[in-house]
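In what follows, a structure is listed as structure tokens, so that the remarks can point back to it.
Just the heavy atoms: all of them, side chains too, but no hydrogens, waters or symmetry mates, feed the values below.
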Amino acid sequence: MADPKGFMTTPRRDRPRRPVEERVRDWDEVYVPGALLPIVSEQADRCMDCGIPFCHEACPLGNLIPEWNDLVSREDWRQAADRLHATNNFPEFTGRLCPAPCEAGCVLAINQPAVTIKNVEVAVADRTWELGFAPPRPPDRLSGRTVAVIGSGPTGLAAAQQLTRAGHTVAVYEKDDRLGGLMRYGIPEFKLEKRHLERRIGQMRAEGTKFRTSTAVGRDVAAAELRTRYDAVVIATGATAWRDLDVPGRELAGIQQAMEYLPLANRVCEGDLEVSPMSAAGRHVVIVGGGDTGADCLGTAVREGAASVTQLDIYAQPGDERDEDAEPWPTYPKIYRLSAAHEEARDLETAPAADADARMFAASTLRFEGDTEGRVRSLHLVEVDAARRAVEGTGRTLPADLVLLALGFSGPDQGDGLLGQLGLETEPRGTVARDAGFGTNVPGVFAAGDAARGQSLIVWAIAEGRAVAAAVDRYLTGSSQLPAPIGPYDRPMTV
């Protein structure tokens, strides 16, 4: 460690965001360009080089956080890039999108603000590209084995890159017209500018990975036929079967799923559309669901010029500090966090009736009401207790002519025929069943990511991709030197 007293003498400083009034007028990343580099070395100096770095355990990738913190504190960017990429194929994605369970597990977080691990990570990732430390790494020789990866989200891309670098010939099949899965059309541009995605895909193409877009396996290509053409198949389609809301009035027009709404806004940013046909401009928007997808809808609606935006969260408002009894260190605590989108909504006062920023906590939707033309016009809600029972006398009505459902996902979409054509067994919750080696009931077919694990974080998705790649490599060759950071039954730390 460069400064053994850094954590005592240097306060935590986070990456500064652009002013709200400025950033809501565009779709660029919310952070001040170039503002991280001047502060990141001293922030990395706050790493204690503790004897047992729990940040390793909190991160499913097993990122070598103290090592690259020390290297960044010395501004040794080449070595830092090497150590970061030793465990993570796509740190520019996790550094922007991961909620940083590693920081919750930081030993310093026991009684001080944690090291800004996520900021250090994204700084190293960006410097890696700026300084040319991420050249393509094609294999020295080919194995003669072929693998089909179905899905180009973080799991599919990580698996494909690992298997390509191991010498296998890999083709990635993607049902959309562009690569990236939910990173492409589900994550707004202001959280992940798609140039980062394009740059990494370009590296993968140069390494030899093949991509097949606009190809839905099960519809455009028979799944059984694909299995006969390849030595192994990896199912990495994600969990795209969204949860719905079964309340009166759900059939009214203007009530949309978040993943019907967000892709259209992203297509505007891609230049496919001038205006989204579901644009929130001038409309009273209510988002049902308090998670990250709901926050993405919030930031998007604000940029589209909504008349008002309110987000409903069925859980009570969490406190500002960790509950040491319910969620002791180093578990990831449920605390009140102010995302960039919530900061924007708070400062712009998009939801005057909300409890905090744009959110109404402990709020459950009772019904929707519409006009004579069958369009939604209002949402009726009630406050609930911890057991989700209605609290008498707390009913309220919100104006709503656009309602976005952001209630999460239950598993892979089974409507395209992929699982049925392969004869894959599923778990009761709808995810693909697999064994301890990521294998399904069909020999040579493996399942990874949200399709098998269920809805999770991007850092778990990449860890799954790396681990399933090792399993496939072992299946094809009898052994593998590829790292397997997690097993299929591993879960985040809990009490």
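Remark: Arg127 is positioned above the aromatic ring of Trp77, its terminal NZ or CZ atom under 6.0 angstrom from the ring centre and at most 45 degrees off the axis. A cation-pi arrangement is present between Arg15 and Tyr31 under the rule of less than 6.0 angstrom and at most 45 degrees off the ring axis.
Asp126 has a carboxylate O that lies under 4.0 Å from a charged side-chain N of Arg96, or vice versa, which qualifies the two as a salt bridge. Taking a cutoff of 4.0 Å between a charged side-chain nitrogen and a carboxylate oxygen, Lys191 and Glu29 do not qualify as a salt bridge. Ion pairing between a basic and an acidic side chain is recognised when a charged N comes within 4.0 Å of a carboxylate O; Glu464 and Arg434 show such pairing. Between Arg23 and Glu344, at least one side-chain N (NZ, or NE/NH1/NH2) sits under 4.0 Å from a carboxylate O, which counts as a salt bridge. Salt-bridge annotation for Asp26 and Arg18: present, with a side-chain N of the basic residue lying under 4.0 Å from a carboxylate O of the acidic one. The residues Arg195 and Glu198 are annotated as not salt-bridged, no charged nitrogen and carboxylate oxygen being separated by less than 4.0 angstrom. Of the charged side-chain nitrogens involved, none lies within less than 4.0 Å of a carboxylate oxygen, so that Arg78 and Asp82 do not count as a salt-bridged pair. Using a cutoff of 4.0 Å between basic side-chain nitrogens and carboxylate oxygens, Lys194 and Glu189 are scored as salt-bridged. Ion pairing between a basic and an acidic side chain is recognised when a charged N comes within 4.0 Å of a carboxylate O; Asp14 and Arg12 show such pairing. Using a 4.0 Å cut-off between a side-chain N of Lys or Arg and a carboxylate O of Asp or Glu, Asp70 and Arg83 do not qualify as a salt bridge. Remark: Glu327 does not engage Arg322 in a salt bridge, criterion side-chain N to carboxylate O under 4.0 Å.
No side-chain donor-acceptor contact under 3.5 Å links Asn119 and Gln43. Side chain to side chain, Thr94 and Asn88 meet the donor-acceptor criterion of an N or O pair below 3.5 Å. Between the side chains of His168 and Asp473, at least one donor N or O sits under 3.5 Å from an acceptor N or O. When only modelled atom types and interatomic distance are considered, Arg466 and Asn89 share a side-chain donor-acceptor pair under 3.5 Å. Side-chain contact check for Thr440 and Glu425: no donor-acceptor pair (N or O, by modelled atom type) lies under 3.5 Å. If you check the side chains of Tyr185 and Arg178, you find a donor sitting under 3.5 Å from an acceptor. Side-chain contact of Gln161 with Gln203: a donor-acceptor pair under 3.5 Å is present, judged by distance alone.
Distance check, rounded to the nearest 0.5 Å: OG1 of Thr87 to CG of Leu61 gives 6.0 Å. Taking CD1 from Ile201 and CG from Leu197, the interatomic distance works out to 4.0 Å, rounded to the nearest 0.5 Å. A distance of 7.5 Å separates OG of Ser152 from CE of Met183, quoted to the nearest 0.5 Å.
In this structure, Gln455 contributes its side chain and Gly408 its backbone to no donor-acceptor pair below 3.5 Å. The main-chain N or O of Phe7 is never found under 3.5 Å from a side-chain atom of Thr10 such that the two would form a donor-acceptor pair. Here the side chain of Thr431 pairs no donor or acceptor atom with the backbone of Glu427 at under 3.5 angstrom. Side-chain atoms of Trp242 never come within 3.5 Å of backbone atoms of Glu260 as a donor-acceptor pair (strictly under, hydrogens ignored). Remark: the backbone N or O of Lys118 is paired with a side-chain donor or acceptor of Glu103 at under 3.5 angstrom. Counting only distance, with no hydrogens or angles, the side chain of Gln421 and the backbone of Ala223 share a donor-acceptor pair below 3.5 Å. Distance alone, capped at 3.5 Å, places no donor-acceptor pair between the Asp76 side chain and the Val72 backbone. In terms of modelled atom types and a separation under 3.5 Å, the side chain of Arg145 and the main chain of Leu476 share a donor-acceptor contact. No donor-acceptor pair closer than 3.5 Å links the side chain of Ser73 to the backbone N or O of Leu71. In terms of modelled atom types and a separation under 3.5 Å, the side chain of Gln162 and the main chain of Ala159 share no donor-acceptor contact.
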Report task. Begin from the C-alpha positions of Thr164 and Thr169 and carry the test side-chain contact (heavy atoms from CB on, under 4.5 Å) through to its verdict. Result -> CA-CA 6 Å; Thr164 296; Thr169 300; over 6 Å; no

**Report entry** CA sep, side-chain torsions, deciding dist, call: Phe446, Tyr475, ring pair (Phe, Tyr, Trp, His ring centres under 6.0 Å)
**Finding:** CA-CA 10 Å; Phe446 299 79; Tyr475 168 79; 5.5 Å; yes

Requested in this report: I would like to know whether Arg165 and Glu207 meet salt bridge (charged side-chain N to carboxylate O under 4.0 Å, His left out); could you show each step before the answer?
Outcome: CA-CA 7 Å; Arg165 289 176 172 178; Glu207 290 172 347; 2.7 Å; yes

Requested in this report: Using the salt bridge (charged side-chain N to carboxylate O under 4.0 Å, His left out) rule, take Glu174 and Arg212 through it: C-alpha gap first, then chi angles, then the decisive distance, then the call.
Outcome: CA-CA 6 Å; Glu174 170 55 53; Arg212 308 282 187 265; over 6 Å; no

Query raised in the report: Do Leu419 and Val432 pass the side-chain contact (heavy atoms from CB on, under 4.5 Å) test, and can you show the C-alpha distance, the side-chain angles, and the key distance before you say yes or no?
Result: CA-CA 8 Å; Leu419 304 188; Val432 180; 3.9 Å; yes

Report task. Would you check, one step at a time, whether the test side-chain contact (heavy atoms from CB on, under 4.5 Å) holds for Met259 with Phe409? Result -> CA-CA 10 Å; Met259 284 306 159; Phe409 306 90; 3.6 Å; yes

Requested in this report: Dump the intermediate steps for side chain to side chain donor-acceptor pair (under 3.5 Å) on Asp296 and Tyr261, then the final yes or no.
Outcome: CA-CA 10 Å; Asp296 292 343; Tyr261 170 73; over 6 Å; no

Report task. Show your reasoning for whether side-chain contact (heavy atoms from CB on, under 4.5 Å) applies to Met204 and Leu157. Result -> CA-CA 9 Å; Met204 293 180 65; Leu157 291 180; 4.1 Å; yes

**Report entry** Check against salt bridge (charged side-chain N to carboxylate O under 4.0 Å, His left out), Asp177 and Arg267
**Finding:** CA-CA 11 Å; Asp177 58 339; Arg267 286 193 177 278; 3.0 Å; yes

Query raised in the report: Going through the distances and angles, do Asp357 and Arg359 end up as a salt bridge (charged side-chain N to carboxylate O under 4.0 Å, His left out)?
Result: CA-CA 6 Å; Asp357 47 77; Arg359 285 172 281 191; 2.8 Å; yes

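The shortest heavy-atom contact between Gly465 and Ala158 is CA-CB, 4.1 Å.
Heavy atoms from other residues, nucleotides or ligands lying under 6.0 Å from OH of Tyr336 number more than 12. Annotation for Glu324: atom CD counts as buried by contact number, over 12 foreign heavy atoms lying within 6.0 Å. Dense packing is recorded around CZ of Arg346, with more than 12 heavy atoms of other residues, nucleotides or ligands lying under 6.0 Å away.
Under the 4.5 Å side-chain criterion, counting only non-hydrogen atoms from C-beta, Val107 is not in contact with Pro53. Between Arg227 and Val445, some side-chain heavy-atom pair lies under the 4.5 Å cut-off. In this structure the side chain of Trp329 never reaches within 4.5 angstrom of the side chain of Met493, judged on heavy atoms. Taking the side chain as every heavy atom from C-beta outward, Asp450 and Trp460 never approach each other to under 4.5 Å.
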